[in-house]
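First comes the structure, then the notes that go with it.
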Amino acid sequence: MGETATGMRFDTKLIHGGTAPGPYGATKTPIIQSSAFAYDTAEELEDLFKGRAIGQVYTRIGNPTLEALEKRLAAVEDGIAAIVTASGMAAITTAVMAIVRSGDEILSSASLFGGTYSLFRDTLANYGITTRFVDPTDLDALAAAVNDATRLIFVETIGNPKMDVPDIAAFAAIAQKSGVPLMVDATVSTPYLARVKELGADIVVHSTSKFINGTANSIGGAIIDSGSFDWNSAKFPHFEPFYRKYRNFAFTARTRKLIHKDFGACAAPLNAFLVGEGLETLALRMERHCANALKLAGFLAAHEKVAWVNYPGLPDSPFFEVANRQFQGRFGGVLTLGLADKPSAFRLINGLKLAKNLANIGDTKTLVIHPASTICADYSLEVKALMGVSEELVRVSVGIEDARDIVADFARALDNL
Amino acid sequence: MNLTVNGKPASIAADDAISVSNLLETLQVAQREYVTVELNGDILDRDGFDAATVRDGDTVEFLYFMGGGSL
């Protein structure tokens, strides 16, 4: 983490944290669009491969533009190091595979992004890694589900699309007591709502494609190491050589030197540059996303054609109290609403003029989707129920347009149902 | 005093002993917040750089996890 981050407030850190002066006085780290990096002598390259020197070798392993973003994200999340990846799913896959081995178990919140659910339930199961899913609001069930094979606890800060808000500090306490790391996907809350390291997250993952990039122009992911977990543990013998050499950097070292290098899900320099551009305005945009979402949620909750609204910022939400405490009075930019049935949900989506019907969140534009027929279409009714997805549900990622125009768009579409 | 640093002979302007922290500064070792220091084959604790002493004839390795290659 750059020394410049020390003592800065969060909004300042988004702009200056972890940054270093660029060549020619540039205030931006250039896009170093080079696959590999040349050295004058064979000895220099040998030293780099031995870890005796620091420098760039090959963009799959590292690149100055990627490194610049990694230092900034580490600074923003108060981590000790970060790795940027090709996508949010690449970040989760890479970070999880760095920790668990065949025969190990993951204990995960059942309220997950569909891609993560598929990774845990189907893909990792094919490699001998079992995931046990628990209701993230049932902490007793979570504690009871820990067993001798558990090697990781995984949770999202705001369940997508279930919109439930688990108590991250309580998750952290159970993970700590169990001697396993807590990995937190903070994509929906973003670092603006909470630095989850403070709540006890050992590893933080993000899909930077969403709010951090903010304008939906590049796919990316990030893994941030809090440096808090003690990898010198009998549960993690595969970390022993990394702990011995790199101590509290053991997770980042193992991830970088093995899993990230071997799986190869590296970010593109151009995408890393664009994510860095978005990071600078994250606070401003999130303030508006949160304010607009609260206004839209209030409007929808009072509308006669809307059966229910799920937004943690509504005072009657079962998650209001924990979200209010955890996110200090801010509740994010995503909400879900229920209509009478699936045809009504489709008519609402088809009737919206401003909001775009697409599979994404965290854009400046307001976005909607019918999850049951799209991003969650492959799942059984039982699994959909677990994920909080029903046929009448529409997910809204509330943009940063003028709130009056967003509300007017929904009002018109609802009137025409 | 004379040391072997990352496999190469190095001459340091110091009498007979220097702390690892001072050595990192003297040699302008890059990215000191990440570097691992191995003194005569032993990995040093990161918070022990001030206390650890390097003497004439010692072998020191500065290692990074960010580059390529194996462990």
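Just so we're on the same page: letters track the sequence lines, and every chain starts at 1.
- Taking OH of B:Tyr64 as the start and CG of A:Asp47 as the end, the distance is 11.0 Å to the nearest 0.5 Å.
- The CZ atom of A:Arg256 lies 7.0 Å from the CZ atom of B:Phe65; values are rounded to the nearest 0.5 Å.
- The two residues B:Tyr34 and A:Lys71 make their nearest non-hydrogen contact at CE1-CE, 4.2 Å.
- Contact annotation for A:Arg52: both backbone and side-chain heavy atoms come within less than 4.5 Å of a heavy atom of chain B.
- Heavy atoms from other residues, nucleotides or ligands lying under 6.0 Å from CD of A:Glu280 number more than 12.
- Between atom CZ of residue A:Arg244 and atom OG1 of residue B:Thr36 there is a gap of 11.0 Å, rounded to the nearest 0.5 Å.
- Other residues, nucleotides and ligands contribute over 12 non-hydrogen atoms within 6.0 Å of the OH atom of A:Tyr39.
- Here CD of A:Glu67 is found 5.5 Å from CD of B:Gln31. Values are rounded to the nearest 0.5 Å.
- Around atom CD1 of A:Ile219, no more than 12 heavy atoms belonging to other residues, nucleotides or ligands sit under 6.0 Å away.
- Residues A:Lys50 and B:Asn6 have side chains not in contact (no heavy-atom distance under 4.5 Å, counting atoms from C-beta outward).
- Heavy-atom contacts from other residues, nucleotides or ligands closer than 6.0 Å to CG of B:Asp45 number more than 12.
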